[in-house]
Amino acid sequence: MIILLIGAGAREHTIAWKLCQGPRVDALFVAPGNAGTAAIATNLPIRVPKTDAPPAERQAYLDEIAHTARELKADLVAVGPEDPLAWGLVDRLAVEGIAAFGPSKAAARLEASKAFCKDLCQRYAIPHARGASFTSRTAACNYVMHLDDVPVVKADGLAAGKGVLIPDTKEEALAAIDAMMSEGLFGEAGRTVVIEERLSGREVSVFAFTDGRTVVPMVPACDYKRIFDGDQGPNTGGMGSYSPPPWYDAALAETVRTAILEPAVRAMQAEGSPYRGVLYGGLMMTDDGPKVLEFNCRFGDPEAQVTLPRLKSDLAEVLWAVAMNRLHEVKVEWSDQACVGVVMASGGYPDQYDTGFPIHGLGSVEDDALVFHAGTRLDDDGQVVTSGGRVLTVAALAPTLAEARTKAYRNVQHVHFSRCHYRRDIAAPSQHAVVE
Ligand code: AMP
Ligand code: GLY
């Protein structure tokens, strides 16, 4: 099989690594990839435009990927990030008769419009954080004034994971509405806002492969969004992750499957937008059970770095079965091992940071530890240097979470670059203990 994989992060390096382990991949291309994917696949210099790129640039990008996939005679295009999905890459490829792993533009609305997601959850009785969406600032402010509690304010559209504001007072909530709807914070994405109840509890990311009918849950993971230990500082794309959360037992998995994942897939089918790809639910475990905070239309990052290493089945077979609507024919098996991933980032991220620093010690990492590159590139001398905010994820599999954690951090010590920052508390026992 010839596969073209879209994206440049550690998630895509993980997908590429996993694809290469199976027998089905004859050639793998990654657009644009990073220094990690360059070592196992062929990188193509086609960058994904920024979320707020003008429509003409997006269209040119979709055309270029479709053209490239045709030239390569790709059997399958697997899409990592959300933006190309939301712009309709899968639909564009379908016009060319090229199979793709990922939802259509209509199905990707589940992530690309939080208003759509909330409305769907409401209409199909999928447990979720209750709320409402608004295109009028006055109506949004009136709604907040009449609430008993301080709500969460979210931009409707894609905002690179930054579109959620969690105010402490109603005044802050009103200011958040102003910032989005009047001052253009998050651009077009914030012209419509979703205002929802603030939930509390543990968070978990759940995933399922689906071809629109068959739903195969993956293993769950927890991620760490804040930059500093103890969940301090600003939100990031994710600073680390582990799988499985020990408290996520079989009964909970069954509830999530029957009350959330399957109903969401059935709902999309009923809406005439069948959902194909990975369905990712960001859930809060409340006293009333798991509730959806958001749905995403792709693998999580850094969750992919700790879930895909646990996949025993051939990923290419699974992706192909999803694209061909034959997921029921495939057995998807997972390892019992635990996996912990620690993100090593450029100092200053998620704000300003410098790049171009040589990365040392990659050759000293233990043979069975996993290093998934994100913001890395090869310089003119062939040296791996930093090129982004999140630079790489060091991950480790082991029989227990504690051992996986020790092994991941032991290998983090081997890797060095100037102004490196990472969290020390990923998968720390205090956070995943089973609390009654
Ligand atoms: P989202 O991008 O919707 O997953 O939100 C990002 C983060 O904001 C989540 O991981 C939660 O920590 C937090 N969050 C989102 N929605 C809520 C909510 N309704 N109540 C409490 N926290 C929330
Ligand atoms: N881990 C968060 C995300 O992938 O959106």
Side-chain angles (χ1 to χ4, degrees), residues 7 9-12 14-15 51 79-83 85-86 108 110-118 121 127-133 144 147 149-168 173 176 186 189-190 193-207 218 220-227 231-243 277-288 290-308 341 343 345 350 372 374 389-390 393 423 426 431:
R11 165 181 56 203
E12 285 75 24
T14 312
I15 295 170
T51 305
V79 189
E82 62 273 22
D83 286 319
L85 294 166
L110 210 43
E111 173 166 3
S113 168
K114 289 187 191 292
F116 174 83
C117 174
K118 188 151 301 294
C121 289
H128 64 287
R130 296 203 163 272
S133 51
V144 167
L147 291 175
D149 298 309
V150 181
V152 172
V153 180
K154 300 184 174 186
D156 172 58
L158 296 179
K162 301 191 181 88
V164 175
L165 298 179
I166 306 193
D168 288 321
F186 310 127
V193 297
V194 169
I195 299 176
E196 67 182 31
E197 61 177 333
R198 180 165 173 177
L199 299 177
S200 55
R202 297 178 192 270
E203 282 187 62
V204 64
S205 304
V206 300
F207 306 89
M218 298 174 52
C222 290
D223 84 338
Y224 293 75
K225 289 194 165 65
R226 304 295 193 96
I227 186 76
D231 292 333
Q232 302 296 309
N235 267 332
T236 69
M239 293 301 293
S241 187
Y242 66 88
S243 175
V278 177
L279 178 63
Y280 162 171
L283 311 185
M284 187 81 90
M285 299 297 137
T286 72
D287 292 341
D288 297 330
K291 292 190 179 177
V292 175
L293 296 181
E294 63 169 356
F295 278 120
N296 296 323
C297 60
R298 51 181 170 80
F299 291 107
D301 185 345
E303 291 97 324
Q305 293 92 296
V306 298
T307 53
L308 290 179
V343 171
F372 297 120
R390 288 191 293 172
T393 303
R423 279 183 62 158
I426 305 303
Q431 291 160 23

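Whatever order the structure lists ligands and atoms in, that order sets their numbers, starting from 1. Atoms considered below: every heavy atom in the structure, side chains included; atoms not considered: hydrogens, waters and symmetry mates.
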By number and element, which atoms of ligand 1 are closer than 4.0 Å to a non-hydrogen atom of [X]?
X      : answer
Arg198 : 20 (N), 21 (C)
Ile166 : 8 (O), 13 (C), 14 (N), 22 (N), 23 (C)
Ala129 : 19 (N)
Lys114 : 2 (O), 3 (O)
Glu196 : 16 (N), 17 (C), 18 (C), 19 (N)
Met284 : 21 (C), 22 (N)

>> Can you tell me which residue among Pro127, Pro220, Pro290, Ser205 is in a side chain to side chain contact (heavy atoms under 4.5 Å, CB included) with Leu283?
In response: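 Testing each of Pro127, Pro220, Pro290, Ser205 against Leu283, the sole residue satisfying side chain to side chain contact (heavy atoms under 4.5 Å, CB included) is Pro290.
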
>> Check Lys114 with Glu196, please: is the shortest side-chain N to carboxylate O separation under 4.0 Å?
In response: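 Answer for the salt bridge query: no.
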
>> Under a 4.0 Å threshold between the charged nitrogen and the carboxylate oxygen, would Asp231 count as salt-bridged to Arg423?
In response: yes

Among all protein heavy atoms, pick the one closest to [atom] and tell me residue, atom and distance.
atom                    : answer
atom 12 (O) of ligand 1 : Glu203 OE2, 2.4 Å
atom 17 (C) of ligand 1 : Leu293 CD2, 3.6 Å
atom 3 (O) of ligand 1  : Lys154 NZ, 3.0 Å
atom 2 (C) of ligand 2  : Tyr280 OH, 3.2 Å
atom 4 (O) of ligand 1  : Glu294 OE2, 2.7 Å
atom 7 (C) of ligand 1  : Lys225 CD, 4.2 Å

Would the distance check show the side chain of [X] and the main-chain N or O of [Y] forming a donor-acceptor pair, the cut-off being under 3.5 Å?
X      : Y      : result
Glu294 : Gly282 : no
Lys118 : Ala129 : yes
Arg226 : Gln232 : no
Ser113 : Asp156 : no

At their closest point, which heavy atom of [X] faces which heavy atom of [Y], and how far apart are they?
X      : Y      : result
Phe186 : Ala159 : CD2-CB, 4.1 Å
Leu158 : Asp83  : CD1-OD1, 3.2 Å
Ala176 : Leu165 : CB-CD1, 3.7 Å

> So, is Asp223 polar-close to ligand 2, with some N/O to N/O distance under 3.5 Å?
Replying inline: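 By distance alone, the answer is yes.
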
> If we only count N/O pairs under 3.5 Å, is Glu303 in contact with ligand 2?
Replying inline: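 For ligand 2, there is an N or O atom that lies under 3.5 Å from one belonging to Glu303.
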
> So is Arg298 in contact with ligand 2, going by heavy-atom distances below 4.0 Å?
Replying inline: yes

> What atoms in ligand 2 come closer than 4.0 Å to a heavy atom of Gly300?
Replying inline: 4 (O)

> Among Leu199, Val153, Val164, which residue places a heavy atom closest to atom 20 (N) of ligand 1?
Replying inline: Leu199

